[in-house]
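The block underneath contains the structure these notes are about, expressed in structure tokens.
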Amino acid sequence: MIEVNYICEKVEMPQFNQAAVKQWIEQVARTHQKNVGRLTYIFCDDDYILETNRKYLGHDYFTDVITFDYSNRHRISGMVISLDTVKTNSEQFAHSYREELMRVVIHGVLHLCGINDKGPGEREIMEANEDAALAMLPENVFEEQ
């Protein structure tokens with residue numbers, strides 16, 4: 001059974017239809033032969049994600065998402081998302097904030113499905129998978145719940 005939890009650290013909860021996003025995540029995971037067990041998103045600010053990046057990964061830079069893989073076999077779970085960086089990226093890449101938020105939400109899921117983006121050619125593979133996932137995004141994601 002899929003369980004998606006949202007925690008906010010120093011930010012307000014972004015507004016979206018959580019049930020629709022949950023179904024979307026489950027659908028995307030299934031296309032990669034994965035099941036979602038318990039998945040927790042921590043929405044935070046840049047300071048929080050920088051500290052998390054330093055503490056757990058030894059990286060001294062800002063990022064939009066950090067994915068913690070507590071998966072086993074075909075079940076996936078866990079990530080931290082900086083809403084500050086999502087906003088900055090949406091402006092830099094000329095996407096709407098909502099589109100960029102959903103791109104980052106699914107980016108972490110795709111990492112948990114085994115798709116990487118650091119090696120040669122991997123960024124293009126990740127972006128193609130993000131685009132395919134966004135094409136599956138239900139129209140009611142930003143409707144009132």
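Just so it is clear, the model here is predicted, and its values are computed rather than measured.
- Considering all non-hydrogen atoms of both residues, Gly108 and Thr67 come closest at CA-OG1, 3.4 Å.
- Across Ala133 and Val28, no two heavy atoms sit closer than the pair CB-CG2, 3.8 Å.
- In this structure, Phe62 places its CZ atom where more than 12 heavy-atom neighbours from other residues, nucleotides or ligands lie under 6.0 Å away.
- Exactly one residue among Val105, Ile2, Leu112 makes a side chain to side chain contact (heavy atoms under 4.5 Å, CB included) with Leu39. That residue is Leu112.
- Shown here for Cys113 and Ala29, the closest heavy-atom pair between the two residues is SG-CA, 4.1 Å.
- Counted within 6.0 Å of CD on Glu12, heavy atoms from surrounding residues, nucleotides or ligands total 12 or fewer; the atom is thus considered open.
- A 4.5 Å side-chain heavy-atom check between Val21 and Val4 finds every atom pair outside the cut-off.
- Rounded to the nearest 0.5 Å, atoms CZ (Phe43) and CG (Leu101) are 5.5 Å apart.
- Contact check for Tyr41 versus Ile25: side-chain heavy atoms found under the 4.5 Å cut-off.
- A 4.5 Å side-chain heavy-atom check between Glu3 and Thr40 finds every atom pair outside the cut-off.
- In this structure, Ile106 and Met102 have side chains that are not in contact, with every pair of non-hydrogen atoms separated by 4.5 Å or more.
- Between the Asp84 side chain and the Asp46 main chain, a donor and an acceptor come within less than 3.5 Å of each other.
- Counting heavy atoms from C-beta on, the side chains of Phe68 and Ile42 never come closer than 4.5 Å.
- Across all their heavy atoms, Gln15 and Phe142 have their closest contact at O-CD2, 3.6 Å.
- Between the NE2 atom in His59 and the OG1 atom in Thr52 there is a gap of 13.0 Å [rounded to 0.5 Å].
- Put simply, the side chain of Asn53 never gets that close to the backbone of Ile49: no donor and acceptor are under 3.5 Å apart.
- Under a 4.0 Å N-O distance rule, the pair Lys22/Glu26 does not qualify as a salt bridge.
- In this structure, Phe16 CZ and Trp24 CH2 are separated by 9.5 Å, a value rounded to the nearest 0.5 Å.
- If you take CG on Leu83 and CG on Asp45, they are separated by 9.0 Å, rounding to the nearest 0.5 Å.
- Side-chain atoms of Gln27 and Gln23, non-hydrogen and from C-beta on, never get closer than 4.5 Å to each other.
- Nearest heavy atoms, Pro138 versus Ala20: CG-O, 3.9 Å.
- Of all heavy-atom pairs spanning Asn17 and Asn140, the tightest one is CB-O, 3.4 Å.
- For Glu99 (side chain) and Tyr97 (main-chain N/O), no donor-acceptor pair under 3.5 Å exists by modelled atom type.
- In this structure the side chain of Val80 never reaches within 4.5 angstrom of the side chain of Glu9, judged on heavy atoms.
- The line from CE of Met136 to CG of Leu134 is 9.0 Å long, rounded to the nearest 0.5 Å.
- Hydrophobic clustering of Ile, Leu, Val, Met, Phe, Trp and Tyr side chains at less than 4.5 Å, counting indirect connections, keeps Leu50 apart from Leu57.
- Annotation: Gln92, atom CD; neighbour count of heavy atoms from other residues, nucleotides and ligands within 6.0 Å is above 12.
- Rounding to the nearest 0.5 angstrom, the gap separating the OH atom in Tyr56 from the CD atom in Glu51 is 9.0 Å.
- Looking only at atom types and distance, the side chain of His107 has a donor-acceptor partner in the side chain of Asp117 under 3.5 Å away.
- A heavy-atom distance below 4.5 Å is not found between the side chains of His111 and Asp69.
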Test log, rule side chain to side chain contact (heavy atoms under 4.5 Å, CB included), inputs Asp131 and Arg103
CA-CA 8 Å; Asp131 291 342; Arg103 181 177 296 277; 3.1 Å; yes

